[in-house]
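Right, one structure below, let's go through it.
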Amino acid sequence: RGEKEAGGEPLKPLAGDVPDGLSGWSATLAPFISCGATWMDAPWFVVENYLYKRILELTNEPTGGSNPFASQKKQSLLDAGDAFAKMVSGLRRRARAECP
């Protein structure tokens, strides 16, 4: 399918067997689904997560429910450890400086 067709297609409810917080996302999607929102109408964050959940739907059975992005996520978190530590350290210094 072309980009125009995919962009004009309304969001659909997620399947009931998708892991990773489905019930919360189903509730978040409900107003967008009920008004017929498309990939292009809904907020970016909602659509980004919706797409991720759809990919999990497609890969759930073939992978036995394992997340196809697990190794990438793990490596990204490991690679970002120093950056997170610096950010937290900076936030702590700032909080100490601003507190009476």
Side-chain angles (χ1 to χ4, degrees):
R1 284 191 129 169
E3 187 177 318
K4 277 186 170 180
E5 290 170 293
E9 193 170 307
L11 302 176
K12 299 173 186 165
L14 297 168
D17 60 348
V18 176
D20 203 21
L22 174 66
S23 60
W25 276 106
S26 292
T28 300
L29 286 171
F32 299 104
I33 291 170
S34 67
C35 75
T38 70
W39 294 76
M40 304 302 279
D41 298 332
W44 170 83
F45 185 73
V46 170
V47 171
E48 168 124 349
N49 282 277
Y50 175 79
L51 177 60
Y52 173 73
K53 301 294 188 218
R54 282 289 194 209
I55 290 170
L56 289 180
E57 280 181 346
L58 294 172
T59 60
N60 193 31
E61 190 174 324
T63 64
S66 45
N67 185 333
F69 302 107
S71 63
Q72 283 178 279
K73 286 180 176 180
K74 181 178 180 180
Q75 190 59 51
S76 293
L77 288 172
L78 291 172
D79 292 345
D82 289 340
F84 282 129
K86 288 178 185 176
M87 180 181 69
V88 168
S89 176
L91 289 172
R92 286 182 179 155
R93 279 193 306 276
R94 183 175 174 188
R96 283 191 295 266
E98 292 178 4
C99 291

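Computed from a predicted structure; not experimentally measured.
- Thr28 has its side chain out of reach of Tyr50: every pair of non-hydrogen atoms, C-beta onward, lies at least 4.5 Å apart.
- Here the closest heavy-atom approach between residue Lys73 and residue Tyr52 is recorded as NZ-OH, 2.6 Å.
- Side-chain contacts under 4.5 Å among hydrophobic residues (ILVMFWY), followed directly or transitively, place Leu78 with no other residue at all.
- Leu91 meets the side chain to side chain contact (heavy atoms under 4.5 Å, CB included) test with Met87; sequence neighbours excluded.
- Residues Pro10 and Gly36 approach most closely at CB-O, 4.1 Å, considering heavy atoms.
- Residue pairs meeting the side-chain hydrogen bond (donor to acceptor under 3.5 Å, both in side chains) criterion with at least one partner in residues 79-90, sequence neighbours excluded, are Gln75-Asp79, Ser89-Arg93.
- Considering all non-hydrogen atoms of both residues, Ile33 and Leu11 come closest at CG1-O, 3.9 Å.
- With sequence neighbours left out, the side chain to side chain contact (heavy atoms under 4.5 Å, CB included) criterion links Pro43 to Phe32, Val46.
- In terms of hydrophobic clustering, with Ile, Leu, Val, Met, Phe, Trp and Tyr side chains grouped at heavy-atom distances under 4.5 Å, Val88 and Leu77 are assigned to different clusters.
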